Amino acid sequence: MTKHFFGDTTVLLGRSLRHIGRSPDTIITTVVMPIGFMLLFVYVFGGAIQTGSDKYVNYLLPGILLITVASGISYTAYRLFLDMKGGIFERFQSMPIARSSVLWAHVLTSLVANLISLVVVVLVALVMGFRSGAGALDWFAVTGIMMLFTLALTWLAVIPGLTAKSVDGASAFSYPLIFLPFISSAFVPTESMPGPVRAFAENQPVTSIVNAIRDLFAQQQVGGDIWIAIAWCAGLLIVAYGVAMAIYHRKIS
């Protein structure tokens with residue numbers, strides 16, 4: 001059964017990646033907004049924001065990476081919604097394939113597409129002056145955190161992809177996720193925020209993830225933020241996966 005699942009997932013993953021290859025505008029659209037934010041904040045607002053960092057782009061990049069993923073996973077919900085409405089799920093049910101491989105193919109496609117988008121954003125940041133003395137292990141840790149974050153949000157995107165009534169409803173759920181980094185340490189230190197806003201900012205998942213990545217880039221001692229970040233991502237992943245699979249099995253039963 002495991003071999004059957006992996007084989008089916010690989011075939012369906014190839015199908016989804018071919019769709020991405022035929023519409024590269026998907027990735028282009030995904031990276032335009034985060035790059036636009038990065039240009040705006042670095043070249044327009046950066047001079048007025050005091051972060052204690054030598055370059056504002058160094059401070060800003062971790063939050064931009066999270067926004068890139070948050071904007072990219074909306075396409076997972078969109079593609080999943082189209083498959084549901086297009087009848088492709090019914091066709092797959094008539095074939096001798098592992099049922100969960102259909103969802104995993106969409107999730108892994110999101111992971112690949114978002115990793116490409118993240119690489120593009122980092123390359124643009126390098127052009128804008130981003131520099132990091134992080135070693136291979138630090139970059140590996142950053143990549144691991146981003147992959148876990150992407151998987152968690154992608155499984156969250158599966159839920160509206162399965163339950164939405166319209167295309168707009170399937171993809172609009174990502175808007176609050178894109179907005180969340182603005183109330184965190186992604187753009188400014190939380191110390192400058194009013195009391196209630198600061199309390200929320202310091203205790204929501206984005207801040208711990210951003211702080212952990214920022215420390216890794218700066219080769220600073222990583223404190224408890226990295227474990228809080230992993231706990232948030234893993235917890236969200238487990239809950240989202242469980243809910244998404246429950247909805248999926250109800251849909252195909």
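Bear in mind that the values here come from a model prediction, so they are computed numbers and not experimental data. Values reported hereafter were calculated over all heavy atoms of this structure, with side chains retained and with hydrogens, waters and symmetry mates removed.
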Just grab all the ring-ring contact (aromatic ring centres under 6.0 Å, His included) pairs involving residues 109-137, residues at least two apart or on different chains.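 Counting only pairs at least two positions apart or across chains, the ring-ring contact (aromatic ring centres under 6.0 Å, His included) contacts touching residues 109-137 are Phe130-Phe217.
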
Donor-acceptor contacts, no H, no angles, side chain residues 176-189, under 3.5 Å, sequence neighbours left out:
| residue | atom | partner | partner atom | Å |
| --- | --- | --- | --- | --- |
| Ser184 | OG | Pro181 | O | 2.5 |
| Ser184 | OG | Ala186 | N | 3.1 |
| Ser185 | OG | Asn211 | OD1 | 2.9 |

Quick one: does [X]'s side chain get under 4.5 Å of [Y]'s, heavy atoms only?
X	Y	answer
Met146	Leu66	yes
Leu80	Leu103	yes
Leu61	Val121	yes
Ile213	Ile226	no
Trp155	Met245	yes
Val158	His106	no

Do Val44 and Met128 sit in the same hydrophobic cluster, where Ile, Leu, Val, Met, Phe, Trp and Tyr count as joined when their side-chain heavy atoms come under 4.5 Å apart?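 Cluster IDs for Val44 and Met128 match.
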
Examine Val122 and Phe140 and state if one hydrophobic cluster contains both, with Ile, Leu, Val, Met, Phe, Trp and Tyr joined whenever side-chain heavy atoms are less than 4.5 Å apart.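 Per the 4.5 Å side-chain linkage, Val122 and Phe140 are not co-clustered.
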
Residues in side-chain contact (heavy atoms from CB on, under 4.5 Å) with [X], at least two apart?
X	answer
Leu123	Val119, Leu126
Ala77	Ala157, Pro160, Ala170, Phe173
Gln221	none
Trp232	Pro205, Ser208, Ile228

Could you give all pairs that pass the salt bridge (charged side-chain N to carboxylate O under 4.0 Å, His left out) test and reach residues 209-236, with sequence neighbours left out? none

With under 30° as parallel and over 60° as perpendicular, where do the rings of Phe41 and Phe45 fit, or are they tilted in between? perpendicular

All side chain to side chain donor-acceptor pair (under 3.5 Å) counterparts of Ser110, not counting sequence neighbours: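 By the side chain to side chain donor-acceptor pair (under 3.5 Å) rule, Ser110 matches Thr76, Asn114, Thr154.
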
Can you list the residues that meet the side chain to side chain donor-acceptor pair (under 3.5 Å) rule with Thr190, with sequence neighbours excluded?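 For Thr190, the residues satisfying side chain to side chain donor-acceptor pair (under 3.5 Å) (neighbours in sequence not counted) are Glu202.
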
Who else is in Ile238's hydrophobic cluster (ILVMFWY, side-chain heavy atoms under 4.5 Å, direct or via others)?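 Reading the cluster by chain and number, Ile238 sits alone, since nothing else belongs.
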
Contacts of Trp227 that satisfy ring-ring contact (aromatic ring centres under 6.0 Å, His included) - sequence neighbours left out: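 Testing Trp227 for ring-ring contact (aromatic ring centres under 6.0 Å, His included), a comparison that skips the adjacent residues, returns none.
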
